[in-house]
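Counting starts at 1 for both ligands and their atoms, in listed order.
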Amino acid sequence: MSLENRGAFIVFEGCDRIGKTTQCRLLVELLKSRDIPVLPMHFPERSSHIGQVINSYLTNSKDLPDEVIHLMFSANRWEHMNQIKQKLLEGNTLVVDRYSYSGVAYSAAKGLDFDWCYAPERGLLKPDAVFYLRAPADDLTNRGEYGKERYEKVEFQGRVAKVFDQICAKEANYWHQLDASQSAEDLHAQVADIAVKLVHRVATQDLDKLY
Ligand code: NYM
């Protein structure tokens, strides 16, 4: 690829324990094996000051009003935006585990207004593609083995899934809904097919913003 080619901005979304982390890893490994420059990222990015507050909240060592933590998650994306833009323009494809849509889905699932939740995300870079990993509803209720972090409850995850579905329907032109109940290998094959074509297709396109 020529020097002025940019990388693709790829995001994985979905409920907790749906397999995003595995799929991110498999995609990063695949792109590397094809000599496509690629970097993994994950939101929340817990190492910054804001990220540490988010971590304390998620591990239940700190309580904050729903609105405040919502804005912290958004601020955590904003504080990395210059870095993300620079990496993409340098030609790196970014494979990002969660983004703005998790921000909206988890807060709206608590009862906050959808449009209010989306507002602070406006102006952030828009992903070229979102892979939305979706398990059938009964599969979700069978997933008893959630961890200790906040939000990891079956009933709450069902509400989160509903908001993700709503966003998926609205953003259908760059969202790819994939069945997460299939094997990690089959799922990866579907992701890989779309992602490799995408990297080549967007290389000469301008970056877009969420609006
Ligand atoms: N989460 C994640 C939010 O509530 N809002 C956000 O903006 C983001 C990015 O954090 N249960 C929630 C979803 C997860 C939790 O994410 C931690 P992970 O991917 O398990 O580290």
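Atom 18 (P) of ligand 1 has H42 NE2, 3.5 Å as its closest protein atom, hydrogens excluded (heavy atom only). When only non-hydrogen protein atoms are considered, atom 4 (O) of ligand 1 lies nearest to Y106 CB, 3.2 Å. D16 OD1, 2.9 Å is the protein heavy atom nearest to atom 11 (N) of ligand 1.
Atom 8 (C) of ligand 1 has its nearest heavy-atom neighbour, among F73, F12, Y57, in F73.
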Decide salt bridge (charged side-chain N to carboxylate O under 4.0 Å, His left out) for R98 and D16; before the verdict, give the C-alpha distance in whole Å, the side-chain angles of both, and the deciding distance to 0.1 Å.
CA-CA 10 Å; R98 294 193 187 279; D16 291 280; 3.2 Å; yes
Verdict with reasoning, L187 to Q23, per side chain to side chain contact (heavy atoms under 4.5 Å, CB included)
CA-CA 8 Å; L187 189 51; Q23 290 304 319; 3.7 Å; yes
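Considering both main-chain and side-chain atoms, E149 never comes within under 3.5 Å of ligand 1 through any nitrogen or oxygen pair. Residue R98 has at least one N or O atom closer than 3.5 Å to an N or O atom of ligand 1.
In this structure, R134 is not positioned above the aromatic face of F164 in the sense of NZ or CZ being under 6.0 Å from the six-membered ring centre and within 45° of the axis. No cation-pi contact links K126 to F9, judged by a cut-off of 6.0 Å to the six-membered ring centre and 45° from its axis.
Residue contact check: G103 has heavy atoms under 4.0 Å from atoms 5 (N), 6 (C), 7 (O) of ligand 1. Applying the 4.0 Å criterion to heavy atoms of F43 picks out, from ligand 1, the atoms 9 (C).
Using a 4.0 Å cut-off between heavy atoms, R46 contacts ligand 1 through its side chain alone, with no backbone atom that close. Contacts between R77 and ligand 1 below 4.0 angstrom, taking non-hydrogen atoms only, involve the side chain exclusively. Only the side chain of L58 comes within 4.0 Å of ligand 1, counting heavy atoms alone; its backbone N, CA, C and O stay farther away.
Aromatic ring pairs are classed by plane angle as parallel below 30°, tilted from 30° to 60° and perpendicular above 60°; the pair Y99 and Y101 is tilted.
A donor-acceptor pair under 3.5 Å links the side-chain atoms of N76 to the main chain of E45, judged by distance alone.
Considering all non-hydrogen atoms of both residues, K148 and N60 come closest at O-ND2, 3.6 Å.
No more than 12 heavy atoms of other residues, nucleotides or ligands shown are found within 6.0 angstrom of CG on N82.
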